[in-house]
Amino acid sequence: MLDVKLLRSDLDAVVANLKKRGFDFPRAEYERLEAERKQVQVRTEQLQNERNTRSRSIGQAKARGEDIAPLLAEVGKLGDELKAAEARLDALQAELDDLLMRVPNLLHESVPVGADENDNIEIRRWGEPREFAFEPKDHVDLGSGLMDFDLAARLTGARFVTLKGPMARLHRALAQFMLDTHINEHGYEEVYVPYIVNRDSLLGTGQLPKFGEDLFRLEGEHEFYLIPTAEVPVTNFARDEILAAESLPRRYVAHTPCFRSEAGSYGKDTRGMIRQHQFDKVEMVQIVKPADSYAALEEMTGHAERILQLLGLPYRIVALCSGDIGFGAAKTHDLEVWLPGQGKYREISSVSNCEAFQARRMQARWRNPENGNRPEPVHTLNGSGVAVGRAMIAVIENYQQEDGSIVVPEVLRPYMGGIEKIPAAKA
RNA sequence: GGAGAGGUGCCGGAGUGGUCGAACGGGCCUGACUCGAAAUCAGGUGUACGCGCGAGCGUACCGUGGGUUCGAAUCCCACCCUCUCCGCCA
């Protein structure tokens, strides 16, 4: 949610900033609602004041043993008008709230302006894509037998996978390795969280009210959803909290499955494990003082990079442009890993600074000693560190041998019982 | 699933219809004392929103949502959550 004070003080700047995303701020509607809200709120509070004053004097008169009948008659007339005013104010506020909850975050000034992913700006590259002496296969061909999409389709449906034997173990090894690296080298606290969350959590991080169709909602009396990312439960740790300055920054890392309905992605990445309804991810979340959030963005990008470096996977970093950046982010870095099977870089991690956007939605605050210990919104960041399934794809494709076997990267061997190579799968 | 208890401010904990935004204690902040600290003493200390240049004034908030009433933390209804015991269970 945007800062309502900014909305009132500099609406032009807000509208212009959102325009860069291609978002049309509904200015006329907002101004109409806001004007009426102001007028109705003032009137409502006047009426409430009057009621309170009179009720108090009734109480006092009664205490003095006076006759309160005339006072009662007088105040009785207030009721209907007050009730109507309160109802109107509620309705207006609900409308305004709904409007504002659907407005994306403002972009940081450094975000490149562009229309779509083609306008993202490459910041740097690491590693050299390997020269193959043979035609590299993609992960589907390499994994056949140990990576079974048909079986998953029978168990569930399209866009699921089953892994077997060393492939399942490789998947687990990657998650363990990533967690350990973030815990031991990067100073994160490991957390285990619910994979099912309520509506408030999703409103807090911004998946709702606008993107409900991307979520899996559970049947039943509760409004529960499967998490689309650990960002949701973990960032909501701070919801409705006032954090002490000394307790910041908070750095959390969690390994969870993620569930996405992938509505609107029909026909996209249908082959293989790139885009699934269920995938695992190691997610980093930081809750920081506002002044520190851009340093934290760089730091977290580095933490994700470190994973790919240790795995020896070539990658590049891009700054998402204004047209490609997510709803809640002020600035986002994507890590794209080299996939020989596709001959291109593909997203494997996304690291975002949401500034106070989520914090305002979820009332996540801290006491700022430089401002008389007043509660102010914190800044929240999240980043994949990294997507486990895609990391597995990258390992398979980058470490493939001509015979179809896969060399296990050094850092994963301790997690694989010392196995150095996954033999070629029989079709 | 059954029975019972309970949800109040940063924390503990009073408060069962009227100057209650809320006693008291702790914590925290400021000041005094001190070379300094501790202890002690005095004062202060909720959040959000609205109006106002401002001092300030006003409104809302005692799990959530309704209701009763001139007036609700207090009464009624529904729901959510927590705890204890029993049952079941990984």
Side-chain angles (χ1 to χ4, degrees), chain A residues 1-10 30-31 33-101 192-204 208 218 220-225 233 236-248 250 287 356 358-378:
Chain A
M1 187 130 101
L2 301 183
D3 184 352
V4 290
K5 290 194 182 80
L6 183 64
L7 236 39
R8 286 173 203 153
S9 65
D10 200 354
Y30 168 74
E31 286 179 326
L33 286 168
E34 179 62 9
E36 192 185 349
R37 189 229 88 222
K38 192 180 272 195
Q39 181 245 319
V40 173
Q41 179 163 350
V42 169
R43 180 68 189 142
T44 305
E45 292 187 356
Q46 273 173 3
L47 289 167
Q48 287 171 327
N49 182 15
E50 209 168 316
R51 179 204 60 197
N52 291 345
T53 308
R54 296 194 185 194
S55 293
R56 216 170 292 137
S57 63
I58 290 173
Q60 288 163 347
K62 211 172 165 186
R64 279 186 251 107
E66 296 170 9
D67 179 22
I68 58 170
L71 291 168
L72 282 178
E74 209 178 320
V75 79
K77 286 171 278 180
L78 270 175
D80 288 346
E81 194 185 350
L82 177 56
K83 209 166 216 170
E86 282 176 334
R88 182 66 192 142
L89 183 59
D90 280 352
L92 283 166
Q93 249 149 10
E95 259 189 273
L96 262 174
D97 208 47
D98 187 65
L99 185 154
L100 294 177
M101 287 292 272
Y192 171 82
V193 296
Y195 302 157
I196 294 173
V197 291
N198 59 29
R199 178 180 177 80
D200 282 345
S201 292
L202 289 157
L203 284 169
L208 290 177
L218 271 51
E221 47 185 324
H222 298 285
E223 188 176 349
F224 282 164
Y225 300 82
N236 273 279
F237 278 21
R239 171 148 58 89
D240 294 322
E241 294 278 358
I242 301 178
L243 306 169
E246 315 82 71
S247 74
L248 301 176
R250 301 200 175 184
I287 294 160
Q358 295 179 323
R360 263 184 240 110
R361 292 175 157 244
M362 60 173 79
Q363 294 264 54
R365 293 158 296 174
W366 69 299
R367 290 196 187 276
N368 183 357
E370 284 168 23
N371 187 19
N373 273 326
R374 301 226 79 80
E376 295 176 3
V378 293

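Here is the naming used below: chain letters follow the sequence lines, and residue numbers restart at 1 for every chain.
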- request: Scan A:Q46 against the nucleic acid and name what it touches under 4.0 Å (heavy atoms): base, sugar-phosphate only, or nothing.
  value: nothing
Distance, rounded to the nearest Å, where A:R199 contributes CZ and B:rC80 contributes C1': 16 Å
task: Examine distances only and state if a side-chain atom of A:S57 and a backbone atom of A:R54 form a donor-acceptor pair shorter than 3.5 Å.
output: yes
field: Interatomic distance where CD belongs to A:Q48 and P belongs to B:rU69 [whole Å]
entry: 18 Å
- request: Please work out the stems of RNA chain B from pairs that are Watson-Crick or G-U wobble with both distances under 3.5 Å, keeping only runs of three or more consecutive pairs.
  value: B:1-7 with B:80-86, B:10-12 with B:24-26, B:27-32 with B:40-45, B:46-51 with B:56-61, B:63-67 with B:75-79
- request: Provide, to the nearest angstrom, the distance between the CZ atom belonging to A:R43 and the C1' atom belonging to B:rC49.
  value: 19 Å
query: Taking atom P of B:rU47 as reference, at what distance in whole Å does atom CD of A:E376 sit?
result: 12 Å
- request: Specify the residues of residues 91-99 of chain A, ordered by number, for which at least one heavy atom lies under 4.0 angstrom from an atom of RNA chain B.
  value: none
task: Drop me the distance from A:L208's CG to A:L202's CG, to the nearest 0.5 angstrom.
output: 4.5 Å
field: salt bridge (Lys or Arg N to Asp or Glu O under 4.0 Å) against A:R199, all qualifying residues, sequence neighbours excluded
entry: A:E223
- prompt: Counting distance only, does the side-chain N/O of A:R360 pair as donor-acceptor with the main-chain N or O of A:M1 below 3.5 Å?
  reply: yes
query: Can you name the side-chain contact (heavy atoms from CB on, under 4.5 Å) partners of A:D10, sequence neighbours left out?
result: A:L6, A:D12, A:A13
- prompt: How long is the line joining CG of A:D240 and P of B:rG7, in whole Å?
  reply: 20 Å
message: For A:A359 versus A:V378, what's the shortest heavy-atom pair and its separation?
response: CB-O, 3.1 Å
Interatomic distance, A:Q41 CD vs B:rA60 C1' [rounded to whole Å]: 9 Å
query: B:rU47, B:rU19, B:rG58: which one has an atom nearest the side-chain heavy atoms of A:N49?
result: B:rG58
message: Using a 3.5 Å distance criterion without hydrogens, assess whether the side chain of A:R361 forms a donor-acceptor pair with backbone atoms of A:M101.
response: yes
query: Can A:R37 and A:E95 be counted as an ion pair, charged N to O under 4.0 angstrom?
result: no
Under 3.5 Å between N/O atoms: give me all the protein pairs with nucleotides 70-73 of chain B, atom names plus distance.
from	atom 1	to	atom 2	distance (Å)
B:rC70	O2'	A:S55	OG	3.0
B:rG71	O4'	A:S55	OG	3.0

message: Within the 3.5 Å criterion, strictly below it, is a donor on A:E50 or A:Q46 matched to an acceptor on the partner's side chain?
response: no
query: Does the side chain of A:N198 pick up a donor-acceptor pair with the side chain of A:S201 at under 3.5 Å?
result: yes
- request: Could I get the full list of salt bridge (Lys or Arg N to Asp or Glu O under 4.0 Å) partners for A:D98, not counting sequence neighbours?
  value: A:R102
- request: May I have the distance from A:E246 (atom CD) to B:rG27 (atom P), rounded to whole angstrom?
  value: 16 Å
task: May I ask you to say what A:R360 touches in the nucleic acid, namely base, sugar-phosphate or nothing, with a heavy-atom cut-off under 4.0 Å?
output: nothing
